[in-house]
Amino acid sequence: MYYYSVVRAKLDVILKKLFTENTDLLHDFLSSTLEIPYDSIKDITIMNSEILPGSIDGKLSRMDIKIAVDNRLINIEMQIGNESDFNDRAMYLWAKLFTGELKRGDEYGELKQSICINIINFNMFDCPEFHSHFTVMEKNRHEVLTDKCSIIFFELKKISKNANKNNRKELWLQLINAESKEELDMLAQTGVEPIQKAVYTLYQMSEDEKIQEMAHQREISLHDEATRIGGALRRAKEEIAKNLIGMNMPIEQIGKATGLPLKEIERLQQQ
């Protein structure tokens with residue numbers, strides 16, 4: 001049976017295991033990515049420490065890490081597959097995080113600052129920056145309504161491959177984005193202690209047969225999910241093409257409208 005030589009931190013189950021079992025690494029990750037002074041973080045409580053929700057089927061694949069950090073609530077979300085409505089989903093998850101801890105009878109002022117960190121393996125915004133930070137502000141004056149709303153995106157496809165030991169935020173995202181032992185070795189050579197420990201921990205995980213099997217099964221479920229989505233998209237394009245064929249539209253225009261190859265459209269014409 002084939003396994004990756006090194007487990008990838010961008011697999012949600014691996015990232016969750018890395019952070020929930022090594023809170024010192026989680027501490028450094030949060031300090032670095034949120035630009036919070038390390039020593040100002042006094043307490044980190046992981047609120048959902050389980051690794052799997054009973055299954056790694058695609059329907060249950062959206063793993064997250066919910067954390068209480070001092071007087072903040074933080075959710076870390078790892079998303080590999082592109083979803084057209086992911087922006088709405090990110091907003092929904094933030095709203096659930098923000099309101100979920102308010103108990104009956106509590107005052108609204110007791111609502112905590114809620115931060116959703118979305119690490120995504122696709123390009124979502126039309127900009128060169130890998131880091132986007134959204135909050136709630138007045139449209140014209142840009143006056144912030146509250147500091148309790150933060151929705152953050154890190155786009156892994158925009159991360160540089162060159163390690164800079166002076167940019168801890170980028171180092172953490174490069175580690176999550178790493179696909180090979182060579183990339184991890186390069187990061188370890190920066191001499192940044194938390195990054196070195198994270199690399200070593202990933203190597204240890206890679207030697208554990210149970211973790212390798214978990215990662216392997218997770219990879220399969222992601223491929224299956226992508227295949228289902230791709231198949232549904234192709235079928236939808238074919239239905240559109242058939243309708244346009246029925247309207248006697250030239251196949252070149254059908255190709256532009258659907259993105260289907262001309263040979264595929266010609267095949268559909270013959271059906």
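Nothing here was measured: the structure is a model prediction, and the numbers come from that model. Quick note: residue numbers are just sequence positions, from 1.
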**OP:** Any chance you could measure M137, atom CE, to E143, atom CD, to the nearest 0.5 Å?
**Re:** 10.0 Å
Original post:
When L26 is tested against each of T20, I41, I67 for side-chain contact (heavy atoms from CB on, under 4.5 Å), which residue passes?
Top reply: I67
Subject >> Under the salt bridge (Lys or Arg N to Asp or Glu O under 4.0 Å) test, residues paired with K161 that sit two or more places apart >> reply: E183
Original post:
Only one of L15, I159, L187 clears side-chain contact (heavy atoms from CB on, under 4.5 Å) with L175; which?
Top reply: L187
Subject >> Donor-acceptor pair, side chain of T33 and main chain of K169, under 3.5 angstrom >> reply: no
Original post:
Which hydrophobic side chains are connected to V136, either touching it within the sub-4.5 Å cutoff or through other members that do?
Top reply: L145
Original post:
Going by heavy atoms in the side chains, are I65 and N75 under 4.5 Å from each other?
Top reply: no
Original post:
Any side-chain donor paired with an acceptor under 3.5 Å for S206 and D208?
Top reply: no
Subject >> NE2 on H133 to OG1 on T135, rounded to 0.5 Å >> reply: 6.0 Å
Subject >> Gap separating the CG atom of L73 from the OG1 atom of T45, nearest 0.5 angstrom >> reply: 10.5 Å
**OP:** Could you list who else is in M186's hydrophobic cluster, with ILVMFWY side chains joined at under 4.5 Å, directly or through other members?
**Re:** none
Original post:
Distance from L25 atom CG to T201 atom OG1, nearest 0.5 Å?
Top reply: 5.5 Å
Original post:
Between I74 and L97, is any pair of side-chain heavy atoms under 4.5 Å apart?
Top reply: no
**OP:** For the residue pair I46 and T23, establish whether any side-chain heavy-atom pair is separated by less than 4.5 Å.
**Re:** yes
**OP:** Indicate the atoms forming the closest heavy-atom contact of G109 with K148, along with that distance.
**Re:** O-NZ, 3.3 Å
Original post:
What pairs meet the ring-ring contact (aromatic ring centres under 6.0 Å, His included) rule with one or both residues in residues 175-202, with sequence neighbours excluded?
Top reply: none
Original post:
So, D185 and Y203: side-chain donor and acceptor under 3.5 Å apart, yes or no?
Top reply: yes
Original post:
Should L171 and Y38 be counted in the same cluster of Ile, Leu, Val, Met, Phe, Trp and Tyr side chains packed under 4.5 Å apart?
Top reply: no
Original post:
How about I265 and L262: do any of their side-chain heavy atoms sit closer than 4.5 Å?
Top reply: yes
**OP:** Could you pull out all residues at least two apart from D24 that satisfy salt bridge (Lys or Arg N to Asp or Glu O under 4.0 Å)?
**Re:** K197
**OP:** Could you tell me whether a side-chain N or O of E193 sits under 3.5 Å from a main-chain N or O of I195, the two making a donor and an acceptor?
**Re:** no
Original post:
For T99 and A95, which heavy atoms make the closest approach, and how far apart are they?
Top reply: OG1-O, 2.8 Å
Original post:
Taking all atoms of both residues into account, what is the closest heavy-atom pair of E170 and S160, and its distance?
Top reply: OE2-CB, 4.0 Å
Subject >> Heavy atoms from other residues, nucleotides or ligands near CD of E110 exceed 12 (cutoff 6.0 Å) >> reply: yes
**OP:** For the residue pair M47 and E101, establish whether any side-chain heavy-atom pair is separated by less than 4.5 Å.
**Re:** yes
**OP:** Look only at the side chain of D106 and the backbone of K103, and say whether a donor-acceptor pair between them is shorter than 3.5 Å.
**Re:** yes
**OP:** Using a 4.5 Å cut-off on heavy atoms from C-beta on, say whether the side chain of L30 contacts that of I117.
**Re:** yes
**OP:** Ignoring hydrogens and angles, tell me if any N or O in the side chain of D12 forms a donor-acceptor pair with the backbone of M78 under 3.5 Å.
**Re:** no
Subject >> Separation of I44 CD1 from F29 CZ (nearest 0.5 Å) >> reply: 11.0 Å
Subject >> Any donor-acceptor N or O pair under 3.5 Å, side chains K10, N177 >> reply: yes
Original post:
Above 12 or not: heavy atoms from other molecules or residues under 6.0 Å from CD of E138?
Top reply: yes
Subject >> Closest contact, heavy atoms only, M205 versus I14 >> reply: SD-CG2, 3.9 Å
Original post:
With a 4.0 Å cut-off, would you call E77 and R89 a salt bridge?
Top reply: yes
Original post:
Between I119 and I176, what is the shortest heavy-atom contact and its length?
Top reply: CD1-CD1, 3.8 Å
Subject >> Salt bridge R168-E35, side-chain N to carboxylate O under 4.0 Å >> reply: no
Subject >> Hydrophobic cluster of F122, others only, ordered by chain and residue number, side-chain cut-off 4.5 Å >> reply: F86, M91, W94, F98, L102, Y108, L111, I120, M124, F125, F134, I151, F153
Subject >> SB check R8 E179 (cutoff 4.0 Å) >> reply: yes
Original post:
What pair of heavy atoms forms the shortest contact from E155 to C127, and how long is it?
Top reply: OE2-SG, 4.4 Å
Original post:
Roughly how far apart are L93 CG and S114 OG, rounded to 0.5 Å?
Top reply: 12.0 Å
Subject >> Sub-4.5 Å side-chain heavy-atom contact between I36 and R72 >> reply: yes
